[in-house]
Amino acid sequence: MDFFNSPVHSWYSLYKRDLPWRNTRNPYLIWLSEIILQQTRIDQGMAYYSRFAAEFPTISDLADAPEDQILKLWQGLGYYSRARNLHFTAKFIQQNYNGIFPDNYNTIRSLKGIGEYTAAAIASISFNLEYPTVDGNVYRVLSRFFGIADPIDTSSGKKTFNNLAIELIKGVDPGMHNQAIMEFGALQCTPKGPNCNQCPLKERCFAFLNQKITELPVKQNKTKQRDRHFNYLVLSHRNHTWIRKREGKDIWKNLFEFPFIETEDEISIEKLTTLTEFDRIISTTDQAIIENVSDWKIHILSHQRIHYRFVRIQLTDKINGTEDFIRVNKEDIFNFAVPKLLETYLNEYMKNV
DNA sequence: GAACCGTGGTC
DNA sequence: TGACCAAGGTT
């Protein structure tokens, strides 16, 4: 397999980026970087890594922090279960492993939030263990170079690529090798417009030699999106507003939000105020003045299209129907972790109140 | 095994 | 503009 490894390793030594987590083998920091970078571009995750590493230099710092603080620092990065699992596992390591990050693959793999890929990344980079990281970059590079048309999102396809990756990593520096292929995929063998003209693999690359660049890798499943409609009620009484923490299995778990009513479609404000849910949030409507109703906007998630709007409501008297909600000073709302669409709203509309 | 979980960049 | 996809994992 040297005809593949050797050019990629050489390319890596020449073109690898100087990234903060490449200057350490501290398993905690490698773990932190890998969780942040799951399904996330390096450009997007970089600032978050710096803030987390500065705020929580050790596992115990992370374990001792309240989840709300961690989610606030994670705000805007998405896939918030990563942050919750990161915190859970920090506490778990603190309690069960005396704060020492485990140094064998199976134990690392057993930790919450760490799957096959992340376990291999930590094991290879921090502990020099021979486990291949097979991420989106690796699927792309291997499928193109070796001409493998197995779908990368089926279990049999994953097995094929994983077996090949196991062969490739034998007898090389595991951490360097894994990062080399991923970096090669991220910078050279990109999804669209790969730099084939100056590619060190082009003389042996199946996809390049057979004009299959745009056809590899193969993906089978298509993602379906569903539409949802959120009517956020921004209540206002003197200097106060009301929020609550999201619970259950829905999106944005444990983040905060304004009370809202989910509807089947973009209903009128008149219909909205006739709903029993509306009365549950605002017990007596004659005490409420609707100040402003925003236009509907759309927030895109990986599997949902959230149609949302904000209904600003001035409460002229003390209200009774808000026991489920937390009353907060408007300026304090910035201390709570919120979904991106609420962060944007807060920055636009709540800054000067 | 399929569905679900966020956000931003790209063409 | 919509579809793809980015150092994936859990249920």
Side-chain angles (χ1 to χ4, degrees), chain A residues 16-17 19-22 29-49 71 74-86 88-89 108-125 131-141 151-159 162 165 175 177-187 189-194 214-215 217-226 228 246 248-255 298-306 337-344:
Chain A
K16 66 177 175 184
R17 290 167 287 184
L19 304 171
W21 48 88
R22 291 214 170 120
L29 293 176
I30 298 300
W31 170 49
L32 175 63
S33 72
E34 292 298 340
I35 300 299
I36 286 175
L37 292 174
Q38 284 171 5
Q39 296 289 285
T40 304
R41 282 188 172 73
I42 285 177
D43 290 343
Q44 191 189 358
M46 184 82 81
Y48 286 86
Y49 173 82
L71 284 172
W74 199 272
Q75 175 177 303
L77 196 55
Y79 285 150
Y80 297 92
S81 65
R82 293 183 293 168
R84 298 193 303 268
N85 288 336
L86 189 73
F88 178 94
T89 293
I108 297 171
R109 174 66 184 82
S110 72
L111 298 170
K112 208 169 198 174
I114 297 183
E116 245 185 279
Y117 163 80
T118 304
I122 299 168
S124 64
I125 297 170
Y131 291 90
T133 53
V134 187
D135 74 333
N137 291 306
V138 177
Y139 284 123
R140 186 171 57 256
V141 173
I152 64 173
D153 54 354
T154 64
S155 55
S156 70
K158 285 176 181 169
K159 199 161 194 172
N162 200 53
H177 171 81
N178 281 333
Q179 294 185 79
I181 304 180
M182 292 190 285
E183 189 81 334
F184 188 81
L187 299 181
C189 192
T190 51
K192 289 178 182 174
T214 58
E215 296 171 39
V218 173
K219 250 192 176 179
Q220 194 169 73
N221 302 129
K222 302 148 198 164
T223 59
K224 299 169 195 166
Q225 285 198 322
R226 65 173 171 132
R228 301 176 73 180
R246 287 183 64 81
K249 291 183 176 177
D250 207 347
I251 54 174
W252 302 324
K253 181 180 174 183
N254 290 5
L255 272 62
I298 293 184
H299 184 77
I300 305 288
L301 285 70
S302 51
H303 288 74
Q304 299 183 28
R305 291 157 45 95
I306 308 292
V338 296
K340 188 66 184 179
L341 79 176
L342 287 182
E343 181 189 351
T344 302

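Naming: A, B, ... by sequence-line order, numbering from 1 per chain. Model, not experiment: these values are computed from the prediction.
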*Identify which nucleotide among C:dA6, B:dC5, B:dT7 has an atom closest to any side-chain atom of A:Arg41, counting heavy atoms from C-beta outward.*
C:dA6
*Run the salt-bridge test on A:Glu183 and A:Arg22 with the 4.0 Å N-O cut-off and return the result as yes or no.*
yes
*Touch class at under 4.0 angstrom, heavy-atom based, for A:Arg140 against every strand present*: sugar-phosphate
*Within this structure, what is the CG-to-P distance between A:Leu37 and B:dT7, rounded to whole angstrom?*
17 Å
*Roughly how far apart, to the nearest Å, are B:dA3 and C:dA7 at atom P?*
25 Å
_Categorize A:Ser302 for me: base, sugar-phosphate, or nothing, with a 4.0 angstrom heavy-atom threshold over every strand shown._
base
*Base, sugar-phosphate alone, or nothing: which one does A:Leu301 contact when heavy atoms must sit under 4.0 Å apart?*
base
_How many whole angstroms separate atom CZ of A:Arg82 from atom P of C:dT11?_
16 Å
*Whichever of A:Gln304 and A:Ser156 has its nearest DNA chain B nucleotide further upstream toward 5'*: A:Ser156
*Answer with base, sugar-phosphate or nothing: what part of the nucleic acid does A:Asn178 contact at a heavy-atom distance below 4.0 Å?*
nothing
*Return yes if some donor-acceptor pair links the side-chain N/O of A:Asn254 with the main-chain N/O of A:Tyr80 below 3.5 Å, else return no.*
no
_Need one value for A:Ser155: base, sugar-phosphate or nothing, where a base atom within 4.0 Å counts as base even if backbone is also close, heavy atoms only._
sugar-phosphate
*Does A:Leu342 offer a backbone N or O that forms a donor-acceptor pair with the side chain of A:Thr344 under 3.5 Å?*
no
*Using the P atom on both, measure C:dT1 against B:dG6 and round to a whole Å.*
26 Å
*asked:* For a quick check of understanding: with a heavy-atom distance under 4.0 Å over all strands, which category does A:Thr154 fall into, base, sugar-phosphate or nothing?
replied: nothing
*Mind calculating the distance between CG (A:Leu71) and P (B:dG6) to the nearest angstrom?*
11 Å
*Report yes if a side-chain nitrogen or oxygen of A:Lys192 is closer than 4.0 Å to either non-bridging phosphate oxygen (OP1 or OP2) of C:dC5; otherwise report no.*
no
*asked:* Counting only side-chain heavy atoms from C-beta out, which of C:dG8, C:dA7, B:dT7 sits nearest to A:Glu183?
replied: C:dA7
_Checking contacts here: which listed nucleotide (B:dC5, C:dG9, C:dA7) is nearest the side-chain heavy atoms of A:Asp250?_
B:dC5
_Does A:Ile114 reach a base, just sugar-phosphate, or nothing at all? Heavy atoms under 4.0 Å._
sugar-phosphate
*asked:* Please report the distance, rounded to the nearest Å, between CZ in A:Arg226 and C1' in B:dA3.
replied: 11 Å
*asked:* Which nucleotide wins on minimum distance to the side chain of A:Lys224, given the candidates B:dG8, B:dA3, C:dA7?
replied: B:dA3
*Among the candidates C:dA7, C:dC5, B:dG6, find the nucleotide nearest to the side-chain atoms of A:Tyr79.*
B:dG6
*Quick one: A:Lys112 NZ to C:dT11 C1', roughly how many Å, whole number?*
11 Å
*Quickly work out the A:Ile306 CD1 to B:dT7 C1' distance and round it to whole Å.*
13 Å
*Hey, is the main chain of A:Ile35 close enough, under 3.5 Å, to the side chain of A:Trp31 for a donor-acceptor pair?*
no
*Within the structure shown, what part of the strands sits under 4.0 Å from A:Gly76 by heavy-atom distance: base, sugar-phosphate, or nothing?*
sugar-phosphate
*Which listed nucleotide (C:dC5, C:dA6, C:dA7) is nearest to the side chain of A:Gln39?*
C:dA6
*With DNA chain B as reference, determine whether A:Gln220 or A:Arg84 sits nearer its 5' end, using the nearest nucleotide of each.*
A:Gln220
*Taking only the side-chain heavy atoms of A:Leu19 (C-beta and beyond), determine which of B:dA3, C:dA7, B:dG6 contains the nearest atom.*
C:dA7
*Hey, is the side chain of A:Trp252 poking within less than 4.0 Å of OP1 or OP2 on B:dT7, counting only N and O atoms?*
yes
*Within the structure shown, what part of the strands sits under 4.0 Å from A:Lys253 by heavy-atom distance: base, sugar-phosphate, or nothing?*
nothing
*Verify, without hydrogens or angle tests, whether A:Asn85 (side chain) and A:Lys112 (backbone) share a donor-acceptor contact under 3.5 angstrom.*
no
*Could you tell me the separation between the NE2 atom of A:His303 and the C1' atom of B:dA3, rounded to a whole number of Å?*
6 Å
*asked:* From CE of A:Met182 over to C1' of C:dA6, roughly how many Å is that when rounded to an integer?
replied: 13 Å
*Under 4.0 Å between any heavy atoms, over every strand shown, what does A:Leu77 touch: base, sugar-phosphate, or nothing? Just pick one.*
base
*Rounded to whole angstrom, note down the C1' distance from C:dC5 over to B:dC5.*
15 Å
_I'd like to know if A:Arg140 pairs up with A:Asp135 as an ion pair, taking the criterion as any Lys NZ or Arg NE/NH1/NH2 lying under 4.0 Å from an Asp or Glu carboxylate oxygen._
no
_For a quick check of understanding: with a heavy-atom distance under 4.0 Å over all strands, which category does A:Trp74 fall into, base, sugar-phosphate or nothing?_
nothing
*Above 12 or not: heavy atoms from other molecules or residues under 6.0 Å from CD of A:Glu116?*
no
